[in-house]
Amino acid sequence: MKQRTLGPDGPPVGAIGLGCMGMSWAYGEDERDDAQSIAVIHRALELGVTLIDTADAYGPFINEELVGRALADRREQAVLATKCGLVVDPATGQMGRDGRPGHVREACEKSLLRLGVEVIDLYQLHRVDEAVPVEETWGAMAELVQSGKVRALGMSEVGVAELERAMAVHPVVSVQSELSLWTRDPLDEVLPWCIEHRISFIPFSPLGRGFLTGTVTADSFGDRDFRSRNPRFAAEAMAANQAIVEAVRAVADRLGATAAQVAIAWTLAQGEQVIPIPGTKKLRYLEENAAAADLRLSAEDLAELDRLPEAAGSRY
């Protein structure tokens with residue numbers, strides 16, 4: 001697979017990474033199959049999909065444990081990314097933010113144990129805690145780099161002002177946010193800022209949480225799939241958004257590709273710093289997604305896709 005660099009001076013990684021959240025959390029938890037998911041991670045590494053992304057909040061905790069088992073004898077093949085700063089009540093599923101330095105240090109130690117590693121390649125602040133100055137949180141994360149427990153730091157779902165405040169304390173290597181043909185907000189400010197500063201931009205959900213594949217219907221989700229409660233997946237919104245899928249499929253048919261491959265290729269075309277991390281727990285979808293790294297969209301293709309309307313329904 002073609003490679004891109006993680007940050008201005010970081011390691012090379014596959015142009016497409018792998019988001020692991022859905023293997024054990026948020027999407028169809030009743031269909032969880034750890035053996036199959038581990039096989040997907042192993043195959044991803046074989047294909048050159050080397051950026052493997054997880055977080056302590058996913059589960060919580062069980063996704064890091066899964067990724068740790070998958071990488072137990074393949075650690076050197078992967079660039080391992082995880083996150084801290086979101087806390088989930090296992091009993092209620094209620095989610096909150098915790099950017100206190102003490103929590104950051106404790107969370108890192110526990111992630112290292114769950115992952116079974118001595119160092120995390122990319123440690124990301126999952127969300128900024130508005131109750132804690134970002135300089136304090138980021139300073140604690142910088143200490144983890146200095147102590148050798150973490151190699152580089154990234155942020156998730158942040159604006160330019162927060163990025164600049166963090167950068168004044170310690171380098172930001174990456175920004176992870178949602179970016180796809182139905183979520184284009186980062187194109188306005190955050191992605192241009194990342195490109196200017198040679199910082200990697202890591203889009204999660206480049207397939208619109210599966211919607212852009214054209215295979216998702218209103219009855220696709222069980223009660224434990226969070227999309228069943230997501231405004232953008234309400235029946236009325238899905239009907240309105242179908243025009244986006246049909247336009248993506250038209251480009252795909254013209255290129256002899258799939259809608260998923262076109263959607264991923266569009267994110268790759270937004271800049272050399274962009275490293276999308278589509279998630280899947282099925283081998284056939286992994287291989288389909290990875291092949292998008294070789295799909296070239298023409299200027300006309302990109303212009304056609306750029307003209308697509310905004311999606312109906314809010315992200316959350």
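Any value given below was found using the heavy atoms of this structure, including those in side chains, with hydrogens, waters and symmetry copies removed. Counting from 1, the numbers follow the sequence of the chain as shown.
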**Prompt:** Do the charged groups of Asp121 and Arg75 touch, with an N to O distance under 4.0 Å?
**Reply:**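 Looking at Asp121 and Arg75, the cut-off is met.
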Near [X] [atom1], under 6.0 Å, is it more than 12 heavy atoms from other residues, nucleotides or ligands?
X      : atom1 : answer
Glu236 : CD    : no
Glu130 : CD    : no
Glu189 : CD    : no

**Message:** Set out, in order, the CA-CA distance, both residues' side-chain angles and the distance that settles side-chain contact (heavy atoms from CB on, under 4.5 Å) for Leu144 and Ile120, then state yes or no.
**Reply:** CA-CA 10 Å; Leu144 299 172; Ile120 295 165; over 6 Å; no
Any donor and acceptor pair, going by atom type alone, linking the side chain of [X] with main-chain N or O of [Y] inside 3.5 Å?
X      : Y      : value
Thr50  : Val13  : no
Glu109 : Arg105 : no
Arg69  : Asp34  : no
Thr267 : Ile264 : yes
Ser177 : Glu157 : yes
His170 : Gly139 : no

Student check: side-chain heavy atoms of [X] and [Y] closer than 4.5 Å:
X      : Y      : answer
Leu255 : Gln261 : no
Phe204 : Met21  : no
Arg114 : Ser111 : yes
Tyr285 : Val40  : no
Ser180 : Arg209 : no
His126 : Met95  : no
Val117 : Leu112 : yes
Glu64  : Lys110 : no

In Å and rounded to the nearest 0.5 Å, what is the [atom1] to [atom2] distance from [X] to [Y]?
X      : Y      : atom1 : atom2 : answer
Arg127 : Asp98  : CZ    : CG    : 14.5 Å
Gln3   : Leu51  : CD    : CG    : 12.0 Å
Thr258 : Glu288 : OG1   : CD    : 3.5 Å
Gln242 : Arg249 : CD    : CZ    : 6.5 Å
Gln124 : Met141 : CD    : CE    : 8.0 Å
Leu66  : Ile62  : CG    : CD1   : 8.5 Å

**Message:** Apply side chain to side chain donor-acceptor pair (under 3.5 Å) to residues Ser200 and Gln273 and explain how you reach the verdict.
**Reply:** CA-CA 5 Å; Ser200 294; Gln273 280 83 6; over 6 Å; no
**Message:** Is there a salt bridge (charged side-chain N to carboxylate O under 4.0 Å, His left out) between Glu304 and Arg254? Walk through the geometry before answering.
**Reply:** CA-CA 12 Å; Glu304 183 176 335; Arg254 192 164 66 232; 3.0 Å; yes
**Request:** Any chance you could lay out the side chain to side chain donor-acceptor pair (under 3.5 Å) test for Tyr123 and Lys149, step after step, and finish with the verdict?
**Result:** CA-CA 10 Å; Tyr123 201 42; Lys149 295 175 181 178; over 6 Å; no
**Request:** Check the side chains of Thr54 and Asn63 for a donor-acceptor pair under 3.5 angstrom, ignoring hydrogens and angles.
**Result:** yes
**Message:** With side chain to side chain donor-acceptor pair (under 3.5 Å) as the criterion, how do Asp301 and Ser298 come out once you've worked through the C-alpha distance, each side chain's angles and the decisive distance to 0.1 Å?
**Reply:** CA-CA 5 Å; Asp301 296 328; Ser298 69; 3.0 Å; yes
**Prompt:** When Ile202 is tested against each of Val274, Leu6, Asp53 for side-chain contact (heavy atoms from CB on, under 4.5 Å), which residue passes?
**Reply:**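 The side-chain contact (heavy atoms from CB on, under 4.5 Å) with Ile202 is passed solely by Leu6 among Val274, Leu6, Asp53.
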